[in-house]
2 protein chains.
Amino acid sequence: MARSPNDSRRPLTLRDVSEASGVSEMTVSRVLRNRGDVSEATREKVLEAARTLGYVPNKIAGALASQRVNLVGVIIPSLSNLVFPEVLSGISTELEDTGLQPVVGVTDYSPEKEETVLYEMLSWRPSGVIIAGLEHTATARAMLQNAGVPVVEIMDVDGEGVDSVVGISHRRAGLQMAQAITAAGYRKIGFLGTKMPEDHRARKRLEGFSEGLAQAGIVLHDTEFYSGGSALLKGREMTGAMLTRSPDIDFLYYSNDMIGAGGLLYCLEKGFDVPGRLGLAGFNGVELLEGLPRRLATMDACRREIGRKAAEIVARQSGTASAESEVVELQPVLQFGDTIRKP
Amino acid sequence: MARSPNDSRRPLTLRDVSEASGVSEMTVSRVLRNRGDVSEATREKVLEAARTLGYVPNKIAGALASQRVNLVGVIIPSLSNLVFPEVLSGISTELEDTGLQPVVGVTDYSPEKEETVLYEMLSWRPSGVIIAGLEHTATARAMLQNAGVPVVEIMDVDGEGVDSVVGISHRRAGLQMAQAITAAGYRKIGFLGTKMPEDHRARKRLEGFSEGLAQAGIVLHDTEFYSGGSALLKGREMTGAMLTRSPDIDFLYYSNDMIGAGGLLYCLEKGFDVPGRLGLAGFNGVELLEGLPRRLATMDACRREIGRKAAEIVARQSGTASAESEVVELQPVLQFGDTIRKP
DNA sequence: GATCATTCCGTTAGCGATAACATAGGGATG
DNA sequence: CATCCCTATGTTATCGCTAACGGAATGATC
């Protein structure tokens, strides 16, 4: 059976409903949008007609006529990172009853693709844009600036935003972790993370981390980087590699929880004394960690909260002609778990 | 600094570019869409003008005029399930150079929300719809039927589709797993999974599984269901609960890999003999499993492939007035891993 | 019963782009 | 040099809907 646009071949329009119910198109439009005064009797008649015809309004035409689009563009690097779906979930929740709807674009961590995706989004004239990170191509920045709608850059506050910004300081997060680690007496410290030509937040964490170590007169002992593949497996492999290369290391700082979890599993299997002989910490505070044999030390990145707050700003500002930019810095909380020894 | 739509307050239109470059709007439109003959000289002039103005075309107007929208609606139950981002990734890849773009809607496993999301999507008149599952409300089915565009229902082939269908048979998957398990000599078998008022695919797997057991004269020994929370943790907890309640059980079949992984970690910690005394299996074949201490038996759900194929069908059929419905059944492969003993 | 406010619904004019057709210039052709 | 034919551009008429205004009933008010 082939598709049939309601028997005839022509898609339904307001006019069809109007004719079927014996009132003007305008009145139908009013009924369907719940706007303006319409008598209960005609309202019923129109709804009835729309329902039996199976009419679905054409938002394209509606948006063009009203100069209003109930969409919010959300641009993120990836969907498989676990972190971003959570941010999205925060956004959706907050937008739920504002009449706004998120539309997602994925950049795969590529600045060029980000530019393309942004262009594509803006061409639909959304009511606002939420975009991950503060680093964009010059063109992308210009587009954001000229978009004429609220823009919220999320995840990161270490840098200059175009309009509003909601996130945490990754530098400070790294620094804080370094302080906790050195306070706990660890001295030979290794870092494991993604190759970071484009992962600016991981880079900033590492910078902050190094700075924190420096405060205690310590220099990073060893580093290991990966890209692609199963993060859990990579964590395992990298940990093995690093401990083989530098057996005297006493702490491993992972740039995300997934590879941290892999490392933890590896260490437990090998029977290392965690956290006595070897401490471990990750980053993000993902739910996954709760099921591990031991709770990995980590830092909550406030993902849902970032989503909520960003969405709230967009919802509040959209509609207003122009509004003040806001900068919201959230405070991630260090969770010691069971993989950092108590000082 | 507040947002400024390119200095003035009025958003740019084709007319602005037209005036800036001294040609008609039509010619500008032609240049920007690479359509029709335009001399190299004017093409340059127009592009230059568009670039310096920072013009972004208005797709709303374009879509209305051309009756064409380069969007494909993709409706899935969740983004945090790991499975769906992978399907999406398959879709994106396949759509990459067709000029089509996926737009995602999430239903949270609620049929009502599915209906709403679908309505919303259709009101943008997409070129096609890809939707997870075969079970929809009557209204939703009607909308799909009348949409007048290609519809592909994905993930599942056990049932009647509206138009095209791409997926695997979950009944058969369950059945096949049951056969493998009984062939390996396991007899007292437990099932652990989500509460499934709405998870039809998990339900079908369980049905097929029970049927497979019945073929060997076996009845499911015990079951345990959960909802919400960290799947890894739940897997752990449910496994503990079941083994306490039914200590003589010798196989645990999990409805997804994540809870399976939790169960596996639990069993290893407790020092159970896996797969000798106790066998384990999950479902999906997620990448995560590669990093576990032992490879969990599972069945690949062909997620990327489903996405690709569905997108391919939509891409091929969109534009055509009406086309034949296709049904594609993919074959999941049983991966024994290290948690089923060799027969 | 004239005036006026309400309530309800219709009319008109776009929104910003594109499809389809029209047309102005050259060459080429005989 | 008249005709035809391209190529490169402009004109006109929508696309389906909504904003803004208009106006006919109805009832209230003095």
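Below, all heavy atoms of this structure are taken into account, side chains as well, without hydrogens, waters or symmetry copies.
B:Glu40 places its CD atom 11 Å from the P atom of D:dT9, with the value rounded to the nearest Å. Between the P atom of C:dG16 and the NZ atom of A:Lys59 lies a distance of 20 Å, rounded to the nearest Å. Rounded to an integer number of Å, the gap from B:Asp37 CG to D:dG10 C1' is 15 Å. Computed from coordinates, the A:Leu14 CG to C:dT11 C1' distance equals 15 Å when rounded to whole Å. In this structure, CD of B:Glu19 is placed 15 Å from C1' of D:dG10, rounded to the nearest angstrom. Distance CZ (A:Arg15) to P (D:dT14): 13 Å, rounded to an integer number of Å. Between the CZ atom of A:Arg35 and the P atom of D:dC17 there is a distance of 15 Å, given to the nearest Å. Across the protein-nucleic acid pair, A:Leu32 atom CG and D:dA19 atom C1' stand 17 Å apart, rounded to whole Å.
Contacts of A:Asn58 with the nucleic acid, taken as non-hydrogen atoms under 4.0 Å apart, involve only primed sugar atoms and P, OP1 or OP2.
A side-chain N or O of A:Glu153 and one of A:His136 form a donor-acceptor pair less than 3.5 Å apart.
Taking 4.0 angstrom as the limit, A:Thr42 places a side-chain polar atom (N or O) nearer than this to OP1 or OP2 of C:dC9. Between B:Tyr55 and C:dA17 there is a side-chain polar atom (N or O) within less than 4.0 angstrom of OP1 or OP2. For the OP1/OP2 pair of D:dC17 and a distance below 4.0 Å, the side-chain nitrogens and oxygens of A:Gln67 include no atom meeting the criterion. Phosphate proximity of C:dT18 to B:Ser66: absent, as no side-chain N or O sits under 4.0 Å from OP1 or OP2. Remark: A:Ser39 is in phosphate contact with C:dC9, judged by side-chain N or O atoms under 4.0 Å from OP1 or OP2. In this structure, A:Arg68 reaches the D:dA19 phosphate: one of its side-chain N or O atoms is under 4.0 Å from OP1 or OP2.
Side-chain contact between B:Arg308 and B:Thr93 is present, with heavy atoms from C-beta onward closer than 4.5 Å.
Looking at residues two or more places apart in sequence or on another chain, you find no salt bridge (charged side-chain N to carboxylate O under 4.0 Å, His left out) involving A:Glu96.
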May I have the step-by-step check of side-chain contact (heavy atoms from CB on, under 4.5 Å) for A:Leu71 and A:Arg125, ending in yes or no? CA-CA 8 Å; A:Leu71 301 177; A:Arg125 301 287 188 269; over 6 Å; no
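Of all nucleotides listed (D:dC17, D:dA19, C:dA19), D:dA19 comes nearest to the side chain of A:Met26. Listed candidates were D:dT18, C:dC8, C:dA17. Nearest to the side chain of B:Ala61 is C:dA17.
The residue among A:Leu64 and B:Arg33 whose nearest nucleotide of DNA chain C lies closer to the 5′ end is A:Leu64. Taking for each of B:Arg125 and B:Gly22 the nucleotide of DNA chain D with the nearest heavy atom, the 5'-most of the two is the partner of B:Gly22. When each of B:Ala65 and B:Thr27 is assigned the nucleotide of DNA chain D bearing its nearest heavy atom, the one mapping closer to the 5' terminus is B:Thr27.
Between the side chain of A:Asn81 and the main chain of A:Phe84, no donor-acceptor pair closer than 3.5 Å is present.
Counting atom types as modelled, A:Arg30 pairs a side-chain N or O with a base atom of C:dG10 as donor and acceptor under 3.5 Å.
The pair A:Arg15-A:Glu25 counts as a salt bridge, with a side-chain nitrogen and a carboxylate oxygen less than 4.0 angstrom apart.
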